[in-house]
Asks: 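First, the structure itself, so that you have it in front of you.
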Amino acid sequence: MAISERVRKRMESASWIRQMFEMGNALKAKHGTAKVCDFSLGNPNVEPPEEFTSTLKDILHEEIRGRHRYMPNGGYPEVRRKVAEYVSGEQGVSLKGDHLILTCGAGGGLNVALKTIINPGDRVLVSTPFFMEYASYADNHGGVLQTVPGLKNFEPDIDAIASRITDKTAALIINSPNNPSGHVYPEDTVQALGALLKKKSKETGRAIYLISDEPYRKIVYDGMVVPPIFPLYKHSIIVSSYSKDLSIPGERIGWLAVNPAADDLDELMNGIVLCNRILGYVNAPALMQRAIERLQGFSVNIELYQHKRDLLCGGLSKLGYDFIKPKGTFYLFPRAPGGDDMQFVQALQEELVLAVPGSGFGSPGHFRIAYCVEDEVIETSMQGFERAIRKVQ
Ligand SMILES: Cc1ncc(COP(=O)(O)O)c(C=O)c1O
């Protein structure tokens, strides 16, 4: 056998997703890429801001000896300080550089966090719908992801979460703004989750971490502000990246910050720095650290995504699709007409529109449209969306 049982299992559980992508590629090969409206991937189509490119050019023109060498595993101390300063402003809590490390994206940061806190067999809770990679990330470190059905409005079911917590629970992951629903948790929700984890940590005798996965914090609409996490619960860890808001997912740069109020802070931070190294990341890419040091607060023009959201929501609502208008991200998560998400995504494929069934996010009966595409793709897709919904009505 070429691969481990564990990896085989993970591949099997994701095999339908692979088949779907293969089908999408086959459609593109047959009809030509331009004819296929591909909403299947969260790969930003907007180019990085001009400041990103010019900053990189500036950095390359500066002569700095040793700039490509290894560095402390948590990242350059001055970059950690700079990002910590920015995050302090967002969170309203004073962070030092020592409370934050630079990571290989949010994906890298989540793996570092989970490796640091999980004992074999521990549970990690998440409310549905959720970013499907969490299951693999927990499994990477001997943990098990336990999903808790969310409410119809994409809010977490706090009582249901409470009933799942045991002394095996290491963490609850939240992701707001959420992939795939675009939902943003209001402050009351985070406060209630914090209060629950505080109570349960006391009962179980272990710190249950709240891991907030926030790569979409800046991609919000209509004046929405994502509430800070740190003031609401002390055992909290935030993971983020520049993949989406600077449109640089290929560069693998992000950060992980620990609440300075957490118990055993030094031990936790030392564990986190060690895990960044021993997971093989060693440190986040040097050149990208230098770039983001100078780009705190910058992002792509969020209005471009807001326009795409409005174009898509306007079109789909005229056609009779049922959805909650997203407050952030570049995803829409409508109910699947007819009720069967796999069948409906298949019907869309027949109309050369590619989307992802909600089953892949733990929420069957919905489907995800990633609208980080050109406006023309959204416009062209409306015919396909119309024909697909007519088929099941
Ligand atoms: C919710 C969520 N978390 C984490 C990630 C990973 O992002 P990164 O490129 O920063 O690793 C993604 C990427 O799509 C995501 O949607």
Side-chain angles (χ1 to χ4, degrees), residues 14 17 21 38-46 48 52 75 83 87 100-115 124-138 140 145 147 150 154 156 171-185 210-220 226 229 237-257 275-276 279-281 283-285 288-289 291-292 295 299-300 305 326-333 355-356 358 360-363 368-373:
I17 298 178
F21 285 122
D38 190 350
F39 296 101
S40 61
L41 288 178
N43 200 5
N45 76 309
V46 171
F52 174 73
V83 181
V87 177
L100 180 146
I101 68 162
L102 282 312
T103 61
C104 292
L110 286 163
N111 273 280
V112 168
L114 293 171
K115 182 167 181 67
V124 176
L125 293 176
V126 71
S127 177
T128 65
F130 66 99
F131 176 52
M132 57 187 106
E133 298 293 66
Y134 296 154
S136 297
Y137 295 170
N140 285 346
L145 189 78
T147 59
F154 303 131
L172 168 71
I173 302 181
I174 58 171
N175 167 225
S176 163
N178 179 265
N179 174 7
S181 68
H183 181 60
V184 177
Y185 286 175
L210 179 65
I211 301 177
S212 183
D213 178 23
E214 305 189 351
Y216 302 96
R217 177 176 274 274
K218 291 202 189 77
I219 307 181
V220 283
V226 182
I229 303 297
I237 296 174
I238 303 177
V239 169
S240 189
S241 82
Y242 302 91
S243 292
K244 313 290 176 170
D245 57 31
L246 283 181
S247 271
I248 53 170
E251 301 297 348
R252 314 308 306 136
I253 183 75
W255 52 263
L256 177 162
C275 289
N276 205 37
L279 279 171
Y281 303 122
N283 55 250
M288 286 303 130
Q289 290 194 37
I292 58 113
L295 292 168
S299 74
V300 296
Y305 286 129
K327 300 187 179 93
T329 72
F330 35 60
Y331 306 110
L332 181 67
F333 201 52
V356 184
F361 304 94
S363 289
R368 189 191 76 173
I369 303 170
Y371 57 84
C372 42
V373 297

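In each ligand, atom 1 is the first atom listed, and ligand 1 is the first ligand listed. Just the heavy atoms: all of them, side chains too, but no hydrogens, waters or symmetry mates, feed the values below. Each residue takes its place number in the sequence, starting with 1.
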Asks: Taking C-beta and beyond as the side chain, do W255 and V87 meet within less than 4.5 Å on heavy atoms?
Replies: yes
Asks: Is there a polar contact, in the sense of an N or O pair closer than 3.5 Å, between D213 and ligand 1?
Replies: yes
Asks: So, is Y137 polar-close to ligand 1, with some N/O to N/O distance under 3.5 Å?
Replies: no
Asks: Can you report which non-hydrogen protein atom sits closest to atom 6 (C) of ligand 1, along with the distance?
Replies: G107 N, 3.8 Å
Asks: In the protein, which heavy atom is nearest to atom 13 (C) of ligand 1, and how far is it?
Replies: K244 NZ, 3.3 Å
Asks: Parallel, tilted or perpendicular for F330 and Y305, by the 30°/60° rule?
Replies: tilted
Asks: Among all protein heavy atoms, pick out the one at the shortest distance from atom 7 (O) of ligand 1; state its residue, atom name and that distance to 0.1 Å.
Replies: A106 CB, 4.0 Å
Asks: Quick one: which of S240, P180, S243 has a heavy atom closest to atom 9 (O) of ligand 1?
Replies: S243
Asks: Does Y216 come within less than 4.0 angstrom of ligand 1, counting non-hydrogen atoms of the residue?
Replies: yes
Asks: Does the side chain of P48 come within less than 4.5 Å of L246's, by heavy atoms?
Replies: no
Asks: Please state whether R252 comes within less than 4.0 angstrom of ligand 1, counting heavy atoms only.
Replies: yes
Asks: Measure from the side-chain N and O atoms of Q289 to the backbone N and O of A284, and report whether any donor-acceptor pair falls under 3.5 Å.
Replies: yes
Asks: Does the N or O separation between G42 and ligand 1 drop below 3.5 Å for any pair?
Replies: no
Asks: Evaluate the side-chain proximity of Y137 to I173: yes if any heavy-atom separation is below 4.5 Å, no if none is.
Replies: no
Asks: In a check of side-chain contact (heavy atoms from CB on, under 4.5 Å) between F361 and each of F333, F131, F130, which one passes?
Replies: F333
Asks: Measuring from non-hydrogen atoms of P215 to any atom of ligand 1, is the shortest distance under 4.0 Å?
Replies: yes
Asks: List the closest protein heavy-atom neighbour of atom 12 (C) of ligand 1: residue, atom name, distance to the nearest 0.1 Å.
Replies: F131 CZ, 3.4 Å
Asks: Hey, does the side chain of T128 reach the backbone of S363 with a donor-acceptor pair shorter than 3.5 angstrom?
Replies: no
